[in-house]
S.K.: 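Structure in structure tokens, see below.
In this text, all values refer to a predicted model and were calculated from it rather than measured experimentally.
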Amino acid sequence: IYVLQEGKWGLLDLEGNAVIAPEWDALYSLDEGRTLWAAFRGEMVMNIRGWDEPGEGLWALYSADGTELSPLQWSEIGKLTDGLMIVEKDGLKGAINARGEIVIPVEYSWSHGPYFGRLAVEKDGRYAVLDMTGLEVIPLTECSDMHLYYDETVRVRQGTGVDAREGVCDLTGREITPCIWLSVSGFCEGLAAVDDGDACGYIDWQGEVVIPCQWQYAGDFTGGYAIVQQDGLYGVIDMTGALVVPCEWNRLEWHGDGQLMGTKTTVFPVGE
């Protein structure tokens, strides 16, 4: 039972005994109330919704039976995801497991994930991707960004600003395409849209260009078709790159069940 007593939070068992003494400024479940609780001591601040939330302070980790798993030392403890919780101390990040043991050393200045059993990290201006044991799947690399993507790939970026270019690796570290693209979309139905800086096309999982870069815009494939743009107007191609709806629409978007909605601008000569 989650309780508030004299302004402090705690946890009771069903007989009313305190398993986590009500002495904490905040107490949050990290796994939907099952076994892990993050206990906060420090300053509470009001957010934009008018609710109190933790500000400056430290966190400890407890199990639901009141066992201290990790002492009061963390400036941040994240939710339990893929068996790990991201922690922060002295401005550096790492990860602990459900027993409070440090699995990923607290030595990284940035982290992303875990997603799909992977964690992207930054150290001394270099980026890496780790598995859930801390093993480097993609070793520390000189680049400007490394990000886990929704299609279970890793986006790697070299350079900044107008000179930035993107590449893609899979979750084993295999390079799908080097950092030669202005942008790479997510893979949908086996193809990803790419922009070479002048036009857009599509690559497959091997990084091969299967639909040449000739479009001003190239959308994701849906049901074997994708919306593209040419000369400022939209049409639809199939997975061979053939136009099945001519590029003559000012606006074109998917409307569900394989249907499209579009608008055209009709120009009437003066006097008609």
S.K.: Relative to each other, are the rings of H112 and Y115 parallel, tilted or perpendicular (30° and 60° limits)?
M.R.: perpendicular
S.K.: Would you mind listing every salt bridge (charged side-chain N to carboxylate O under 4.0 Å, His left out) that reaches into residues 73-82, with sequence neighbours excluded?
M.R.: E76-K93
S.K.: Return each pair, listed once, that meets ring-ring contact (aromatic ring centres under 6.0 Å, His included) where at least one residue sits in residues 177-197; pairs must be two or more places apart or across chains.
M.R.: F187-W205
S.K.: Please name the pair of heavy atoms, one in G173 and one in V137, separated by the smallest distance, quoted to 0.1 Å.
M.R.: N-CG1, 3.8 Å
S.K.: Answer whether the closest heavy-atom distance between the side chains of L69 and L36 falls below 4.5 Å.
M.R.: yes
S.K.: Scan for salt bridge (charged side-chain N to carboxylate O under 4.0 Å, His left out) pairs involving residues 166-192, sequence neighbours excluded, and state none if there are none.
M.R.: R157-E166, D170-R174
S.K.: Which residues pass the salt bridge (Lys or Arg N to Asp or Glu O under 4.0 Å) test with K89, not counting sequence neighbours?
M.R.: none
S.K.: Any idea which heavy atoms bring C247 and G235 closest together, and the distance?
M.R.: SG-N, 3.6 Å
S.K.: Could I get the full list of side chain to side chain donor-acceptor pair (under 3.5 Å) partners for Q158, not counting sequence neighbours?
M.R.: none
S.K.: Which residues pass the side chain to side chain contact (heavy atoms under 4.5 Å, CB included) test with V236, not counting sequence neighbours?
M.R.: Y225, I227, V244, V245, L252, L260
S.K.: Charged N to carboxylate O under 4.0 angstrom, E23 versus R41?
M.R.: yes
S.K.: If two hydrophobic side chains count as joined below 4.5 Å and joins carry through other members, does V121 share a cluster with V156?
M.R.: no
S.K.: When rounded to the nearest 0.5 angstrom, what is the spacing between CD in E101 and CG in L61?
M.R.: 11.0 Å
S.K.: Given 3.5 Å as the limit, does a donor-acceptor pair link the side chain of R118 with the main chain of L148, or not?
M.R.: no
S.K.: Determine yes or no for a side-chain-to-main-chain donor-acceptor pair under 3.5 angstrom, with T81 supplying the side chain and P114 the backbone.
M.R.: no
S.K.: Could you tell me whether R34 and E32 have a side-chain N and a carboxylate O separated by less than 4.0 Å?
M.R.: yes
S.K.: Out of curiosity, Y149 OH to C169 SG, how far, rounded to the nearest 0.5 Å?
M.R.: 15.0 Å
S.K.: Looking at every non-hydrogen atom in both residues, tell me the closest pair between L11 and V3 and how far apart they are.
M.R.: N-CG2, 4.3 Å
S.K.: Over all heavy atoms of both residues, which pair between E15 and D13 is shortest? Give the atoms and the distance, please.
M.R.: N-OD1, 2.9 Å
S.K.: For D198, what residues pass the side chain to side chain contact (heavy atoms under 4.5 Å, CB included) criterion, not counting sequence neighbours?
M.R.: D196
S.K.: Please tell me whether I48 and M46 are part of a single hydrophobic cluster in this structure, the criterion being side-chain heavy atoms less than 4.5 Å apart.
M.R.: no
S.K.: Cluster question for you: counting only ILVMFWY and a side-chain heavy-atom cut-off of under 4.5 Å, with indirect links fine, are L80 and F40 together?
M.R.: yes
S.K.: Would you please test Y108 and L130 for side-chain contact (heavy atoms from CB on, under 4.5 Å) and show each step?
M.R.: CA-CA 12 Å; Y108 298 101; L130 314 178; 4.0 Å; yes
S.K.: Out of curiosity, E88 CD to S111 OG, how far, rounded to the nearest 0.5 Å?
M.R.: 8.5 Å
S.K.: Are I138 and V103 grouped together when hydrophobic residues (ILVMFWY) are joined by side-chain heavy atoms under 4.5 angstrom apart?
M.R.: no
S.K.: Can you give the donor-acceptor pairs under 3.5 Å from side chains of residues 210-219 to other protein atoms, not counting sequence neighbours?
M.R.:
unit_1, atom_1, unit_2, atom_2, d
Q216, OE1, D231, N, 2.9
Q216, OE1, G232, N, 2.6

S.K.: From E142 CD over to Y127 OH, what is the distance, rounded to the nearest 0.5 angstrom?
M.R.: 11.0 Å
S.K.: Return each pair, listed once, that meets ring-ring contact (aromatic ring centres under 6.0 Å, His included) where at least one residue sits in residues 7-34; pairs must be two or more places apart or across chains.
M.R.: Y2-W9, W24-Y62, Y28-W59
S.K.: To check you understand the geometry: which heavy-atom pair defines the closest contact between I86 and L119, and what is its length?
M.R.: CD1-CD1, 3.6 Å
S.K.: Sort and list the pairs that fulfil salt bridge (charged side-chain N to carboxylate O under 4.0 Å, His left out) and have at least one residue in residues 119-139, not counting sequence neighbours.
M.R.: E107-K123
S.K.: Test side-chain contact (heavy atoms from CB on, under 4.5 Å) on V154 and M146 and set out the steps.
M.R.: CA-CA 7 Å; V154 180; M146 196 174 283; 3.5 Å; yes
S.K.: Quick check for you: to the nearest 0.5 Å, what is the distance between R155 atom CZ and C179 atom SG?
M.R.: 11.0 Å
S.K.: Could you work out, with side chain to side chain contact (heavy atoms under 4.5 Å, CB included) as the rule, every residue matching T263, not counting sequence neighbours?
M.R.: N250, R251
S.K.: Check step by step if side-chain contact (heavy atoms from CB on, under 4.5 Å) holds for V19 and D65.
M.R.: CA-CA 6 Å; V19 291; D65 64 5; 5.8 Å; no
S.K.: Give the minimum heavy-atom separation between A128 and P139, together with the two atoms involved.
M.R.: CB-C, 3.8 Å
S.K.: Please determine whether residues I180 and V184 belong to a single hydrophobic cluster, defined as Ile, Leu, Val, Met, Phe, Trp and Tyr linked transitively by side-chain heavy-atom distances below 4.5 Å.
M.R.: yes
S.K.: Counting N and O atoms only, with roles assigned by atom type, does the side chain of T177 sit under 3.5 Å from a partner on the main chain of G167, one being a donor and the other an acceptor?
M.R.: no
S.K.: Which residues pass the side chain to side chain contact (heavy atoms under 4.5 Å, CB included) test with P71, not counting sequence neighbours?
M.R.: E68, Q73
S.K.: In Å and rounded to the nearest 0.5 Å, what is the OG to CD1 distance from S70 to I102?
M.R.: 7.0 Å
S.K.: Begin from the C-alpha positions of Y202 and V228 and carry the test side-chain contact (heavy atoms from CB on, under 4.5 Å) through to its verdict.
M.R.: CA-CA 11 Å; Y202 293 86; V228 293; 4.1 Å; yes
